[in-house]
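Working notes, beginning with the structure itself.
If you read the sequence from its start, that first residue is 1, and numbering goes on from there.
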Amino acid sequence: MMEANKTLVTEFVLTRLSDLPGLQVPLFLVFLGIYLTTMMGNLGLIFLIWKDPHLHTPMYFFLGSLAFADACSSSSVTPKMLMNFLSKDHTISMVECIAQFYCFASSATTECFLLVVMAYDRYVAIRKPLLYPVVMSTRLCTWLISVSYVIGFLHPVIHVGLLIRLTFCRSNIIHHFYCEILPLFTISCTHPSINALVVLISAIFIQAFTFMSIIVSYTRILFAILKKKFEKSRSKAFSTCGAHLLSVSLFYGTLFLTFVCPGCGADQYQNKMYSLFYTIIIPLLNPFIYSLRNKEVLGALRKMVKK
């Protein structure tokens, strides 16, 4: 009788970053500006790489692929969050919720592997510059990008399949600004132990494997930089690698605190702040970190502005 009387939830309610009414419009304007800047930065970079023949090299193909993943990542989360700042109706259907989670998880996973590919590309370029055109062939570049996206598309399918088996019959309030998978577990009537274990194992494997691969590549790059004789070239390389590592550290650090170590003392507000970094802030910063320090990109941008 108790099971029969349970009402299954078919839609959820997302909470906002702040419940204070006076902050909703300012927050809307801030995040609207961030979203527009993110899209202009990433899509503009993709267009620039496509338009300028001088940027048709492996490094920029990888950078364009990363920009596309960042644009997808931001677009999967930000529009719904912006609507909730101004609307009184914060509901989202179960289908929309699962679709939002899938889109973000897919782009985030793809980004993890693209960052590995980009780190390897820089390693080959600095350690073996004469062999670079041979090693990083068009065929290999296409294969590496394709594998990154295929893994990104397939990985969330496992979680979505396990998520569909859960039933929701208690609260329908997700204490998050988007459909994050961990808050969904807390309101499930079905025990989500299998789901949580799979999330933990996949997060440890993907994040640990990709992060360690990036660290190994950049460590070898730094040793190669130290061997350079010219102080100017060393300082420039250190500056560039430092900016890249800062972006990677912010991305992986917040992902680790959310998925690998979700019980590290963080409350709901802190979890939202962590999520802001890998969903909104990192996609905003990446096109500027990876491109604005690059003379070739700046040169291509100046040519386009003149035209």
Side-chain angles (χ1 to χ4, degrees), residues 38-39 41-43 45-46 49 58-80 95-121 136 139-164 178-182 184 195 198-215 217 244 247-256 258-260 274-275 277-287 289-290:
T38 300
M39 298 308 291
N42 285 291
L43 297 182
L45 183 59
I46 293 170
I49 292 169
M59 174 183 173
Y60 296 107
F61 286 144
F62 297 141
L63 190 56
S65 300
L66 180 70
F68 181 74
D70 278 332
C72 292
S73 178
S74 183
S75 295
S76 66
V77 173
T78 312
K80 184 63 178 178
V95 173
E96 290 174 327
C97 187
I98 292 174
Q100 186 185 52
F101 162 72
Y102 175 84
C103 290
F104 172 72
S106 176
S107 56
T109 304
T110 302
E111 181 163 344
C112 286
F113 285 92
L114 284 174
L115 289 171
V116 175
V117 170
M118 291 173 67
Y120 175 70
D121 173 71
M136 300 305 294
R139 183 178 178 181
L140 178 62
C141 294
T142 304
W143 185 81
L144 290 172
I145 293 171
S146 300
V147 168
S148 298
Y149 273 96
V150 168
I151 295 174
F153 289 141
L154 293 180
H155 167 242
V157 172
I158 301 169
H159 301 298
V160 169
L162 291 172
L163 198 59
I164 291 173
Y178 80 105
C179 282
E180 180 61 88
I181 193 168
L182 296 182
L184 283 171
N195 300 61
V198 172
V199 168
L200 179 62
I201 291 172
S202 61
I204 291 174
F205 175 75
I206 291 174
Q207 291 178 33
F209 170 75
T210 55
F211 182 70
M212 289 308 299
S213 299
I214 292 168
I215 293 300
S217 294
H244 292 186
S247 174
V248 168
S249 299
L250 286 173
F251 180 65
Y252 277 95
T254 50
L255 279 177
F256 180 86
T258 301
F259 294 103
V260 179
Y274 294 153
S275 299
F277 272 94
Y278 60 76
T279 58
I280 295 172
I281 304 301
I282 295 300
L284 168 70
L285 296 178
N286 275 346
I289 289 175
Y290 286 97

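- Expressed to the nearest 0.5 Å, how far CZ of F61 lies from CE of M118 amounts to 13.5 Å.
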Disulfide (SG to SG under 2.5 Å) between C97 and C179: does it pass, once the steps are laid out?
CA-CA 5 Å; C97 187; C179 282; 2.0 Å; yes
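- The line from CZ of F251 to CD1 of I214 is 8.5 Å long, rounded to the nearest 0.5 Å.
- Between the side chains of Y120 and S213, not a single donor N or O lies within less than 3.5 Å of an accepting N or O.
- By the 4.5 Å heavy-atom criterion applied to side chains, Y252 and T210 are counted as neighbours.
- Taking OG from S249 and CZ from F211, the interatomic distance works out to 5.5 Å, rounded to the nearest 0.5 Å.
- Under the 3.5 Å distance criterion, with hydrogens and angles disregarded, a donor-acceptor pair is assigned to the side chains of N286 and S247.
- Using bins of under 30°, 30° to 60° and over 60° for the plane-to-plane angle, the ring pair F104/Y178 lands in the perpendicular bin.
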Steps toward side-chain contact (heavy atoms from CB on, under 4.5 Å) verdict (F113, I206):
CA-CA 9 Å; F113 285 92; I206 291 174; 4.0 Å; yes
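- Rounding to the nearest 0.5 angstrom, the gap separating the CZ atom in F277 from the CD1 atom in I282 is 7.5 Å.
- Between H159 and F101, the ring planes are perpendicular. Angles over 60° get that label, and only those under 30° would be called parallel.
- Counting heavy atoms from C-beta on, the side chains of Y149 and F68 come closer than 4.5 Å.
- At a threshold of 4.5 Å between non-hydrogen side-chain atoms, the residues V198 and I158 count as touching.
- Side chains of V157 and Y102 form a contact here, defined as non-hydrogen atoms less than 4.5 Å apart.
- At least one side-chain heavy atom of L115 sits under 4.5 Å from a side-chain heavy atom of L66.
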The test is side-chain hydrogen bond (donor to acceptor under 3.5 Å, both in side chains); show your working for Y278 and S275 and say whether it passes.
CA-CA 6 Å; Y278 60 76; S275 299; 3.1 Å; yes
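- The two residues N195 and L162 make their nearest non-hydrogen contact at ND2-O, 2.9 Å.
- Going from atom CD1 of I46 over to atom OH of Y60 covers 15.5 Å, rounded to the nearest 0.5 Å.
- Of the inter-residue distances, the one linking M39 atom CE with D70 atom CG reads 10.0 Å to the nearest 0.5 angstrom.
- When side chains are defined from C-beta on, I280 counts as touching T78, because their heavy atoms get closer than 4.5 Å.
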Let's go through S106 and H155 carefully: what are the C-alpha distance in whole Å and the side-chain angles of both, what is the deciding distance for side-chain contact (heavy atoms from CB on, under 4.5 Å) to 0.1 Å, and is it a yes or a no?
CA-CA 7 Å; S106 176; H155 167 242; over 6 Å; no
